[in-house]
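Each ligand, and each atom within it, is numbered from 1 in the order the structure gives. Quick caveat, the model's predicted, so the values are computed rather than measured.
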Amino acid sequence: MTLRAGLIGCGRIGFGFQQDVQRVGIASHAGAYAALDGLALQAVADPDLATAKRCATLFGAPDCRVFRDPAEMLATTELDVISIASPDELHAGHLDESLKVPQLRGVLLEKPLALSTGVAESLLSRIAACGIPVLVNYSRRFCSAHQAVRQAIISGELGEIRTVTGFYGKGLRHNGTHWLDLARWFFGELAVHEVRQSHARPFGVDATPDVILSAASGLLLHLHAADDRDYTLFEMDIVGTHGRVRVLDGGLNIEWYRVEASPYFSGYQQLVRWQTVSGLRDSLLHAVANLRDAVTQGAAPLCSADDAAQALRLACQAAAYLPVASEGA
Ligand SMILES: NC(=O)c1ccc[n+]([C@@H]2O[C@H](COP(=O)([O-])OP(=O)(O)OC[C@H]3O[C@@H](n4cnc5c(N)ncnc54)[C@H](O)[C@@H]3O)[C@@H](O)[C@H]2O)c1
């Protein structure tokens, strides 16, 4: 049976990235629904009606319906699954409205889950009461190259992890939660250890500080802020006793290093890069496939609303350390 899908928000990740000639693979929600078996995009909603119509024409089923107002779409169209790709501040409301649809079987929500921990907690209660899978698109979790990094950390292939550093920009909740979620997925539960104001501009009221986190093992993770006006910078550098992994270019590229005898100095060991792999290709294809499989086969969501709430909790805790705490703390 084909799952009937609806899309709220037809912007860049809703469908526009699919038209960017520099992007390779499936990079939008609409593109993923069009590419996968067992799903069909039956309705889209966006106040920008021209964009919504273009999205429906390019990626929707032949009878795909187009709405300005998501509430009207939810009230008048029979949908099994919904993607929410509206701006950050609308996610909680759109998820809440979607969960009221009686026959709904699953949701894929863009990050962040919400903008405050209080709202996130009430959404988690609503989700638990509905009993349907709600996935959040912290995209790296859906990609096998990032899953391989996690496996190398957990299996001990990288040895004991000595240090983790990284960069992010554009607000702790907006983009920082991508890093916090990745770190929590790789290294387990984290606590905020120290926070410092940085040179990087906030994303609206969402501060962009430097943050030091601690893992239960005592490992410290140093997250540095980067000002997005200069360029985009998102990296994670994991240094272990047996090797090193660098998540670069937002995760598009992952460099792997191993320890070898130095060709330059007798008796020394050094790190040698032995492979660079593509890390994010088709991330939305994998996310929507995970949604489909969660709904039809009971597959475990690779990134749950609970995971997203934990990343948001860390972001809000860190923001609360700052002299003028941003909203949501
Ligand atoms: N997971 C990722 O890697 C990733 C990447 C990019 C964006 N995002 C997230 O996706 C979301 C959208 O980002 P974007 O870059 O596509 O933004 P965008 O501004 O390009 O798109 C947002 C769209 O939502 C529409 N919209 C506004 N109000 C609406 C409403 N009430 N109902 C329905 N649609 C409405 C806008 O008209 C616009 O078309 C953001 O929350 C962002 O954080 C996630």
Side-chain angles (χ1 to χ4, degrees), residues 6-20 23 25-32 43-56 58-59 65-75 77 79 82-98 107-115 119-120 135-143 146 168-182 185 203-204 206 208 228 232 234 247 249-252 279-288 290-291 302-303 305 307-308 311-312 315 328:
L7 172 63
I8 298 177
C10 304
R12 294 181 307 156
I13 199 145
F15 104 103
F17 285 156
Q18 213 55 64
Q19 299 195 299
D20 178 348
R23 286 187 183 253
I26 300 299
S28 72
H29 291 256
V44 300
D46 195 302
D48 180 344
L49 204 57
T51 302
K53 279 182 180 161
R54 203 156 58 245
C55 174
L58 290 172
F59 298 107
R65 302 178 69 194
V66 179
F67 298 86
R68 258 187 224 284
D69 181 5
E72 196 188 338
M73 176 181 94
L74 297 175
T77 319
L79 297 170
I82 292 174
S83 266
I84 300 172
S86 51
D88 294 7
E89 64 277 13
L90 302 180
H91 292 178
H94 283 151
L95 177 58
D96 191 52
E97 287 302 308
S98 299
V107 178
L108 174 60
L109 174 70
E110 270 307 333
K111 42 57 60 174
L113 172 63
L115 294 181
V119 172
L135 286 65
V136 180
N137 187 26
Y138 283 110
S139 33
R140 294 160 192 83
R141 285 187 183 240
F142 298 98
C143 297
H146 284 85
Y168 81 108
K170 269 194 171 178
L172 259 179
R173 284 173 292 177
H174 180 66
N175 262 353
T177 52
H178 264 304
W179 203 95
L180 297 170
D181 177 68
L182 189 64
W185 184 47
F203 183 71
D206 189 7
T208 311
D228 67 287
T232 180
F234 184 100
V247 175
D249 306 318
L252 284 169
L280 268 183
R281 195 186 162 111
D282 290 333
S283 68
L284 263 160
L285 191 76
H286 302 310
V288 173
N290 186 216
L291 172 68
L302 294 171
C303 188
D307 292 320
L312 180 68

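Residues passing the side-chain contact (heavy atoms from CB on, under 4.5 Å) test with Ala45, sequence neighbours excluded: Phe67, Pro70, Met73. Considering only residues two or more places apart in sequence or on other chains, Arg281 meets the side-chain contact (heavy atoms from CB on, under 4.5 Å) condition with Val24, Ser278.
The side-chain heavy atoms of Gln19 and Leu58, taken from C-beta on, include a pair separated by under 4.5 Å. Within the 4.5 Å cutoff, no side-chain heavy atoms of Ser283 are placed close to those of Tyr138. Inter-residue side-chain proximity for Ser139 and Leu284 is flagged as unmet; no heavy-atom pair is nearer than 4.5 Å. Under the 4.5 Å side-chain criterion, counting only non-hydrogen atoms from C-beta, Asp282 is not in contact with Phe142. Taking the side chain as every heavy atom from C-beta outward, Arg54 and Phe15 approach each other to under 4.5 Å.
Heavy-atom contacts of Ser139 reach the following atoms of ligand 1: 3 (O) (cutoff under 4.0 Å). Residue-ligand proximity, Ile8 to ligand 1, at heavy-atom distances under 4.0 Å covers atoms 33 (C). Against a heavy-atom cut-off of under 4.0 Å, His178 is close to the following atoms of ligand 1: 1 (N), 2 (C), 3 (O). The atoms of ligand 1 that sit less than 4.0 Å from any heavy atom of Pro70 are 32 (N), 33 (C). Close contacts between ligand 1 and Ser86 involve ligand atoms 11 (C), 12 (C), 24 (O), 40 (C), 41 (O) [criterion: under 4.0 Å to a heavy atom]. The contact set between ligand 1 and Asn137, taken as ligand atoms under 4.0 Å from a residue heavy atom, comprises 1 (N). Taking a cut-off of under 4.0 Å to the non-hydrogen atoms of Gly9, the atoms of ligand 1 that pass are 24 (O), 33 (C), 34 (N).
Inside a 4.0 Å radius of atom 3 (O) of ligand 1 there is at least one protein heavy atom.
Between Lys111 and Asp181, no side-chain nitrogen of the basic residue sits less than 4.0 Å from a carboxylate oxygen of the acidic one, so the salt-bridge criterion is not met.
Side chain of His91 to backbone of Glu110: a donor-acceptor contact under 3.5 angstrom is found.
Looking at Gly250, Ala85, Pro47, Cys10, it is Pro47 that brings a heavy atom closest to atom 33 (C) of ligand 1.
In terms of N/O distances under 3.5 Å, ligand 1 is approached by Arg12. Considering both main-chain and side-chain atoms, Asp88 comes within under 3.5 Å of ligand 1 through a nitrogen or oxygen pair.
Considering only non-hydrogen protein atoms, atom 37 (O) of ligand 1 sits nearest to Asp46 OD1, 2.6 Å. Scanning the protein heavy atoms around atom 21 (O) of ligand 1, the nearest turns out to be Gly11 CA, 3.2 Å. Here the heavy atom of the protein found nearest to atom 24 (O) of ligand 1 is Pro87 CD, 3.4 Å. The closest protein non-hydrogen atom to atom 8 (N) of ligand 1 is Glu110 OE1, 3.6 Å. Among protein heavy atoms, atom 28 (N) of ligand 1 sits closest to Leu90 CD1, 3.4 Å. If you check which protein heavy atom lies closest to atom 16 (O) of ligand 1, you get Ile13 N, 2.9 Å.
Proximity of Ser283 to ligand 1, defined as any heavy-atom pair under 4.0 Å, is not found for any part of the residue. Contact annotation for Lys111 and ligand 1: heavy atoms of both the backbone and the side chain come within less than 4.0 Å of the ligand.
Each of Arg12, Arg23, Gln18 was checked for a side chain to side chain donor-acceptor pair (under 3.5 Å) with Ser28, and the lone residue meeting it is Gln18.
Thr51 does not count as a contact of ligand 1, since none of its heavy atoms falls under 4.0 Å from the ligand.
Residues Ala305 and Val136 approach most closely at CA-CG2, 3.9 Å, considering heavy atoms. Nearest heavy-atom pair, Leu7 versus Gly14, reported as atom, atom and distance to 0.1 Å: CD2-O, 3.7 Å.
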